2 protein chains.
Amino acid sequence: MPRAPTTSDSFNAVAEPRRRDILNFLAPAERPVGDIVERLRLPQPSVSKHLRVLLDVGLVEVRREGRQAFYRTNAEAIKPVHEWTSQFERYWRRQLTRVKERAERESDRSSTTTTQRRQS
Amino acid sequence: MPRAPTTSDSFNAVAEPRRRDILNFLAPAERPVGDIVERLRLPQPSVSKHLRVLLDVGLVEVRREGRQAFYRTNAEAIKPVHEWTSQFERYWRRQLTRVKERAERESDRSSTTTTQRRQS
DNA sequence: AGAAAATATGCCGATATGGGAATATGTCAA
DNA sequence: TTGACATATTCCCATATCGGCATATTTTCT
């Protein structure tokens, strides 16, 4: 079996850096496709394809008006990813304090050693 | 060009659900491969392959002891994903309050209507 | 009607994937 | 040394990917 389709969930859709760029750009306000093309300097078909993927997983929504399509990011769809990563917050916090403590212990020890050296 | 390799960054590595399961399992404490196999009910080669990917992107670390390999998740490597998603927190918060406000306005209106109906 | 503008879709090729099964590698113990 | 145990690697296959390019679709304007 190949890798899961990019349209299977937010995790897969968001793995592509260009798609993250698009979501960032569309977060503050809706934009027509042309604006994305101009801003990200990507070929228009490429942008349309990425938007299709994002649309399929619900990461963006469209509002069509005349010949333009205004896309906006649906932040809600990013929540699952955020929540999954949040589980690990406590762990990297703990790891950081451990590292910090160790560093402090070591600097204590080395200053003690230095002191001892100075003393001897 | 095909999709970026799963080993290119945490975003890609974490797109695979089994790998997320492994990271969850290994977060509280290090475990030998056999424990993962038993817990997740996956074929051993499959687990080893997933661990290889996770190792390549720094999402896990190993400690070898005899014929066993103890893996633990390196929560730090999940931080980039967490931070990227955090940017959107304000947006889904805003969207939620908007939805809430609209719901309140609508329930106000309907209760008023009801009241009016009762009155008339 | 016909052309231009904005966006979407189709086809191609190169490539990496994850699963399955078999096998390799490394380590301990009798 | 030989065998059992724990883990890693290899090979094969079916499939979805992204990029590039060409083209289709829809809408608006003259």
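Letters go in sequence order (proteins before strands), and every chain restarts at 1. All values reported here derive from a predicted model rather than from experimental measurement.
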- Check each of B:Arg63, B:Gln68, B:Arg67 against B:Glu65 using the side-chain hydrogen bond (donor to acceptor under 3.5 Å, both in side chains) test, and report the only one that passes. B:Arg63
- Expressed in angstrom and rounded to an integer, what is the separation of B:Ile22 atom CD1 from D:dT7 atom P? 13 Å
- On DNA chain C, more 5' by nearest nucleotide between A:Ala4 and A:Leu51 is A:Leu51
- Name the orientation class of the two ring planes belonging to A:His82 and B:His82 (parallel below 30°, tilted from 30 to 60°, perpendicular beyond 60°). parallel
- D:dT17 P sits how many Å from A:Leu54 CG, rounded? 13 Å
- Message: In whole Å, I'd like the distance from the CZ atom of B:Arg19 to the C1' atom of C:dA16.
- Response: 12 Å
- Message: Could you go through B:Tyr91 and A:Asn74, starting from their C-alpha distance and side-chain angles, then the distance that decides it, and tell me whether this counts as side chain to side chain contact (heavy atoms under 4.5 Å, CB included)?
- Response: CA-CA 8 Å; B:Tyr91 296 111; A:Asn74 172 31; over 6 Å; no
- Task: Respond yes when some side-chain nitrogen or oxygen of A:Arg64 is under 4.0 Å from OP1 or OP2 of C:dA8, and no when none is.
- Result: yes
- Note on the structure: A:Arg63 atom CZ is separated from D:dT27 atom P, nearest whole Å, by 15 Å
- Item | Derivation and outcome, side chain to side chain contact (heavy atoms under 4.5 Å, CB included), residues B:Thr6 and A:Arg3 | CA-CA 9 Å; B:Thr6 53; A:Arg3 211 201 296 206; 3.7 Å; yes
- From CZ of B:Arg3 across to P of D:dT15 the rounded distance in Å is 15 Å
- Message: Within the structure provided, determine whether A:Phe11 and B:Val81 are in side-chain contact (heavy-atom separation under 4.5 Å).
- Response: no
- Does some side-chain heavy atom of A:Thr85 sit less than 4.5 Å from a side-chain heavy atom of B:Thr85? yes
- What's the spacing between B:Asn24 CG and A:Gln87 CD if we round to 0.5 Å? 4.5 Å
- Item | Interatomic distance, A:Tyr71 OH vs C:dT7 C1' [rounded to whole Å] | 8 Å
- Among the candidates C:dA4, D:dG19, C:dG18, find the nucleotide nearest to the side-chain atoms of A:Glu16. D:dG19
Name the pairs: protein N/O against N/O of nucleotides 9-14 of chain C, kept only if under 3.5 Å.
unit_1 : atom_1 : unit_2  : atom_2 : d
C:dG10 : O6     : A:Lys49 : NZ     : 3.0

- Message: From CD of A:Gln68 over to P of C:dA8, roughly how many Å is that when rounded to an integer?
- Response: 11 Å
- Query: Separation of A:Glu65 atom CD from D:dT28 atom C1', in whole Å?
  - Reply: 13 Å
